[in-house]
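Letters A, B, ... mirror the listed sequences (proteins, then strands); counts begin at 1. Since this is a predicted model, take the numbers as computed values, not measurements.
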Number of protein chains: 2
Amino acid sequence: MSTRIADSVRERIEQMIVTGDFADGERLDEVKLAEQFGVSRTPLREAFQSLAASGLLTLKAHRGAFIRHPDFVELVEMFEVMAEIEAMCGFRAARHVTESQMTAIGVTIEACEAAIAEGDFDEYYRENETFHHLLYEASGNRFLAREAARLHKRLKPYRRLQLRANGRMLQSMREHRAVFAALKRSDSKAAAATLRLHVAIQGERFNDLMASYRQLAALKTG
Amino acid sequence: MSTRIADSVRERIEQMIVTGDFADGERLDEVKLAEQFGVSRTPLREAFQSLAASGLLTLKAHRGAFIRHPDFVELVEMFEVMAEIEAMCGFRAARHVTESQMTAIGVTIEACEAAIAEGDFDEYYRENETFHHLLYEASGNRFLAREAARLHKRLKPYRRLQLRANGRMLQSMREHRAVFAALKRSDSKAAAATLRLHVAIQGERFNDLMASYRQLAALKTG
DNA sequence: TTCAATCTTTTTGTATACAAGAGGTTTGAC
DNA sequence: GTCAAACCTCTTGTATACAAAAAGATTGAA
């Protein structure tokens, strides 16, 4: 692994942001954080830039780094794009997925089911992540896979909240199986359509997300 | 405008990369470039990070910044994703585009035609850029618009070469008009399909791009 | 009292100095 | 002659010092 201070600082700050340690619009104090982490400003500023590139921070010239939580509208917009990207992955995967990839996807589905049976939310969450990443890879388009993973990561905190919603885990599970089935019979359109719905925010899921978002927003201002 | 040295350095290096001043895999020497630009290593390293985030450079820990031109496969993959993103923009724009946006798009199309009539390639190119950016905005999804613009920018050097191909300008022009017409009658599917084909690389355009790519590759090793 | 201008303070941006890792080279042993 | 190990050099990573810009406070006048 990398021994760079800047990288580990980046990860720590990212974790803090995602956890909700900072209020929206809050300015991150370079010297204070540097002191807190026991490092100089140099690697810290590097981390800031990296985080800004990921969209977690906004850098204003001569003003500093500011927390930029997406507002609800932007969040919905992001999920909308994610839905389309996942659909594209699914569409392509139905044609390009290899046997070993299908096996791997099958394994994660089994693991998801086991996790649900045991009520192990965290485990389900991890396997869910794996399922999606395998799907991205299976698209056969490595650039697409990278972009999908990037956006997926960016939406992580919000998806997590969303998944906790009532009955969402089982529903999600069913959709995974449907995708798997579509891939098995090389049905591009079905795979795409299922994934689009799987990710898209609509109907009651809209309300679920909104509730989660408010929860997070409340956390923030505390 | 920003008075930050790091930003202007970033732009200059980006320009150099896009122009093809560096060979693929080449390492960018911090001290040499810093000297060349008359700045210290600090803003230069900032620029490196920013460029790495954009995918133009690869940073290897304790090794430095390396030029990372996409290979031909990756290039095709990127255009494939771009096609889908543009299609999504078009699909949504057909429903969300405002009157003033339609007017603006109409203006760029006129300007494109005028440029073709005068054989002014650069002018056509600029108006073509505008057309696409207006389309992104018209999608009504600001996150999507940003992502589309990002990828569009990334593909800039390759698209430019591609456009020079024989008869491509007129063909492109026709497609723009078709998109405009589809938007006018709120035909989401037609707008999406037209744009997908407009951007996608297929048939003879595949060969055009490959030829351009080889040209660029030849430049690089020089 | 209020407004404005200047000065002060605070914070970011840049330069430089220093540390440490990676790669190559030389030297020594077998 | 070949291989390996230590050393040297070159480059990157980090810390600190310095410069400059922005925000805030203070003082003065109207």
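- The side chain of A/R27 approaches C/dT12 more closely than any other nucleotide in the set C/dT12, D/dT14, C/dT14.
- Look at A/R4 and you'll find a side-chain N or O under 4.0 angstrom from OP1 or OP2 of D/dG13.
- Dashed line: the shortest gap from a side-chain N or O of A/R63 to OP1 or OP2 of C/dT11 is not under 4.0 Å.
- Rounded to an integer number of Å, the gap from CG of A/L33 to C1' of C/dT11 is 14 Å.
- Of the two residues contacting DNA chain D, namely A/V39 and A/H62, the nearest-nucleotide position lying further toward the 5' end is that of A/V39.
- Where A/T42 and B/E30 each meet DNA chain D at their nearest nucleotide, the meeting point lying more 5' is that of B/E30.
- Proximity of A/R41 to the phosphate of C/dG13: no side-chain N or O atom is located under 4.0 Å from OP1 or OP2.
- Remark: the A/Y136 side chain and the A/E147 side chain contain no N/O donor-acceptor pair separated by less than 3.5 Å.
- Taking 4.5 Å as the limit, some side-chain heavy atom of A/N128 sits within range of a side-chain heavy atom of A/H176.
- The side chain to side chain contact (heavy atoms under 4.5 Å, CB included) test with A/I13 singles out one residue from A/D21, A/L51, A/V18, and that residue is A/L51.
- C/dT14 atom C1' lies 13 Å from atom CG of B/D7, rounded to whole Å.
- A/P43 places none of its side-chain heavy atoms less than 4.5 Å from the side chain of A/R4.
- The side chain of B/D29 approaches D/dT11 more closely than any other nucleotide in the set D/dA15, D/dT11, C/dA15.
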